[in-house]
Amino acid sequence: MARVNLDGQTIPMLAICMIGGGGFIGSHICEKLMAETNHKAIVVDVSSDKINHLLDRSLPWAHRIEFHQLNIKSDSRLETLIKASDLTINLAAICTPADYNTRPLDTIFSNFIDAIPVIKYCTENNKRLIHFSTCEVYGKTIGSFLPEEFRKDPKYFILKEDESPCIFGPIDKQRWSYACAKQMTDRLIYAEHAENGLKFTIVRPYNWIGPRMDFIPGVDGPSDGVPRVLACFSNSLLRGEPLKLVDGGKSKRTFLYIKDAIDAVALMIDNPERANGYIFNVGNPDNEVSVKELAELMIKAYAKVSDVPASSLSTVNVTSEDFYGKGYDDSDRRIPDMTIITRQLAWKPRTPLDKLLDVTLQYQHRTYSRAIEREISKPSN
């Protein structure tokens with residue numbers, strides 16, 4: 001039976017070029033495409049580690065997925081692959097906060113300079129583009145600048161795609177290198193649309209979490225690396241170390257289960273008439289907690305998953321300068337306005353925070369606990 005979109009139209013088979021498709025988000029999109037659609041995935045990345053389970057040639061979808069190991073900075077094959085596709089999804093990015101301070105040049109190049117040819121090839125070849133931006137482009141919320149008595153009102157922290165200003169810290173706060181680069185790319189895409197007719201959709205994720213997110217230092221990433229908050233906390237839990245709360249963990253964030261997020265992306269793929277020309281916040285405003293509250297919830301969830309007593313797990317406060325280095329700056333709260341995506345794609349998140357933490361920590365424990373036990377047991381030099 002043919003699949004139909006939200007308007008009852010038959011969904012044609014698409015060839016989809018997924019740049020950065022071998023990562024956390026890309027691997028989940030690939031799973032969705034292979035299991036539930038007849039679309040073809042042309043995956044471009046420097047590594048296939050997170051999609052190797054999909055690349056076995058004996059699988060029923062083997063003819064619908066191919067992997068091209070290339071670096072988009074320097075490989076002329078990229079334009080050929082975009083030309084051969086109906087749709088390009090650009091996921092390539094350096095997007096770990098610890099890198100914004102220590103590798104600002106790489107961060108700016110990855111998120112702006114490297115995106116320029118992708119946008120150019122889509123425009124010149126009349127190809128549709130779904131580009132992954134970030135909620136970081138909003139920068140600081142208006143509420144961040146208000147007196148303390150106003151900060152309890154969520155209306156000052158709600159971010160709207162078509163209204164909210166983008167407010168960043170000063171130039172010497174290099175933490176904003178990522179947000180500024182992403183915002184410039186968004187503006188370039190919008191300008192190509194306005195002047196040259198580029199068909200685009202921009203996705204702004206709000207802390208998507210779930211299996212295969214980020215890396216665990218020393219196991220499937222650099223031993224001296226610092227992953228994003230949930231993987232950072234997972235790493236500490238797996239090692240039995242205190243969870244580090246930057247500046248006391250006062251900042252608040254909303255968290256969205258990756259499976260809910262991928263459902264939203266699938267709707268964008270299959271409903272171009274409803275998605276073209278739009279920027280979509282994709283988050284779950286009901287799953288808002290402070291970073292400190294997140295740590296406490298993760299300790300409870302991990303104790304249940306691992307049979308480790310919660311009393312043996314703890315938190316410790318650290319300064320942002322000690323954790324990230326000089327030049328760090330942050331927004332204390334970000335709440336996604338969901339009006340546009342609900343209206344255009346009839347999408348709403350489903351998974352509550354406690355359930356998605358259980359699922360994620362079960363995966364982390366099952367995948368990494370033995371590797372970390374072996375690493376910890378190695379004799380030190």
Side-chain angles (χ1 to χ4, degrees), residues 20 23-25 91-112 114 132-141 144 157 159 166-185 203-210 212-218 220-236 243-256 258 283 288-295 298 315-336 360:
F24 164 53
I25 295 173
L91 293 145
I94 289 175
C95 52
T96 303
D99 289 325
Y100 309 160
N101 274 5
T102 57
R103 300 169 58 201
L105 285 175
D106 285 344
T107 299
I108 291 166
F109 271 74
S110 170
N111 290 290
F112 177 52
D114 295 350
F132 273 71
S133 179
T134 171
C135 62
E136 289 268 334
V137 299
Y138 297 105
K140 293 172 173 284
T141 51
S144 302
F157 301 91
L159 300 169
C166 302
I167 308 169
F168 305 121
I171 297 298
D172 67 347
K173 301 295 186 184
Q174 294 202 103
R175 175 259 189 283
W176 298 110
S177 59
Y178 171 68
C180 289
K182 279 291 194 184
Q183 190 206 146
M184 274 305 300
T185 302
V203 185
R204 289 189 178 150
Y206 285 71
N207 302 295
W208 297 3
I209 59 177
R212 296 193 298 276
M213 68 164 296
D214 225 339
F215 65 92
I216 298 297
D220 61 352
S223 58
D224 58 348
V226 180
R228 283 164 288 184
V229 62
L230 192 128
C232 202
F233 284 172
S234 293
N235 180 51
S236 296
L243 281 63
K244 293 180 179 178
L245 303 180
V246 175
D247 295 333
K250 298 189 295 289
S251 294
K252 288 189 171 185
R253 295 291 182 265
T254 62
F255 295 91
L256 176 67
I258 185 65
E288 187 190 33
V289 289
S290 71
V291 173
K292 182 179 180 182
E293 289 167 335
L294 176 70
M298 287 183 67
T315 62
V316 61
N317 291 341
V318 298
T319 68
S320 55
E321 185 165 332
D322 285 342
F323 192 80
Y324 287 117
K326 192 175 180 181
Y328 192 77
D329 194 18
D330 207 357
S331 178
D332 57 358
R333 194 175 182 190
R334 297 191 187 111
I335 303 172
T360 304

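Atoms considered below: every heavy atom in the structure, side chains included; atoms not considered: hydrogens, waters and symmetry mates. Sequence positions, counted from 1, serve as the residue numbers for this chain.
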| Looking only at side chains, do Thr141 and Ser144 share a donor and an acceptor under 3.5 Å apart? | yes
| Should we say atom NZ of Lys173 is surrounded by more than 12 heavy atoms from elsewhere, each under 6.0 Å from it? | yes
| field | Heavy-atom check, side chain of Val246 versus side chain of Val318, under 4.5 Å | value | yes
| request: Taking all heavy atoms of Cys95 and all of Pro97, pick out the closest pair and write down the distance. | output: O-CD, 3.9 Å
| message | If you compare all heavy atoms of Pro217 against all heavy atoms of Ser223, which two are closest, and at what distance to 0.1 Å? | response | CB-O, 3.9 Å
| Side-chain heavy atoms of Met213 within contact of Ile258, under 4.5 Å | no
| task | Could you grab the distance from atom CD1 of Ile108 to atom CZ of Arg103, nearest 0.5 Å is fine? | result | 12.5 Å
| request: Answer whether the closest heavy-atom distance between the side chains of Leu245 and Val316 falls below 4.5 Å. | output: no
| remark: Interatomic distance, OG1@Thr254 vs CG@Leu159, rounded to 0.5 Å, equals 9.0 Å
| query | Among all residues two or more places apart in sequence or in another chain, which pass the side chain to side chain donor-acceptor pair (under 3.5 Å) test with Trp208? | reply | none
| remark: Residues passing the side chain to side chain donor-acceptor pair (under 3.5 Å) test with Thr360, sequence neighbours excluded, are none
| message | For the OG atom of Ser110 and the CG atom of Leu105, what is their distance to the nearest 0.5 Å? | response | 12.0 Å
| Looking at Glu321, Gln174, Lys326, which one forms a side-chain contact (heavy atoms from CB on, under 4.5 Å) with Asn101? | Gln174
| field | Shortest non-hydrogen separation from Thr96 to Val226 and the atoms involved | value | CG2-O, 2.9 Å
| Do other residues, nucleotides or ligands put more than 12 heavy atoms under 6.0 Å from the CZ atom of Phe109? | no
| request: Hey, could you give me the CG/CG distance between Asn317 and Asp322, rounded to the nearest 0.5 Å? | output: 11.5 Å
| Pair Asp99, Thr107: side-chain N/O donor-acceptor within cut-off below 3.5 Å | no
| message | Quick check against the 3.5 Å criterion: does Asn111 have a side-chain atom that pairs as donor or acceptor with the backbone of Tyr178? | response | no
| task | Give the C-alpha distance, both sets of side-chain angles, the deciding distance and a yes or no for side-chain contact (heavy atoms from CB on, under 4.5 Å) between Tyr206 and Glu288. | result | CA-CA 11 Å; Tyr206 285 71; Glu288 187 190 33; over 6 Å; no
| message | Within a 6.0 Å radius of atom NZ on Lys244, are there more than 12 heavy atoms belonging to other residues, nucleotides or ligands? | response | no
| field | Backbone N/O of Ile216 and side chain of Ser234: donor-acceptor pair under 3.5 Å | value | no
| said: Show the nearest heavy-atom pair for residues Arg333 and Phe157, with the distance to one decimal. | reply: CB-CD2, 3.4 Å
| note | Output for pair (Asp106 CG, Ile94 CD1), nearest 0.5 Å, gives 5.0 Å
| message | Determine whether Thr319 and Asp247 satisfy the following criterion, side-chain contact (heavy atoms from CB on, under 4.5 Å), listing intermediate values before the conclusion. | response | CA-CA 5 Å; Thr319 68; Asp247 295 333; 4.1 Å; yes
| said: I want to check something: taking the side chain as every heavy atom from C-beta on, are Met298 and Leu230 in contact at a cut-off of under 4.5 Å? | reply: yes
| task | Indicate the atoms forming the closest heavy-atom contact of Lys182 with Phe132, along with that distance. | result | NZ-O, 2.8 Å
| task | Of all the heavy-atom pairs spanning Pro205 and Ser133, show the shortest one and how long it is. | result | CD-O, 3.3 Å
| query | Is the shortest side-chain N to carboxylate O distance from Glu136 to Arg334 below 4.0 Å? | reply | yes
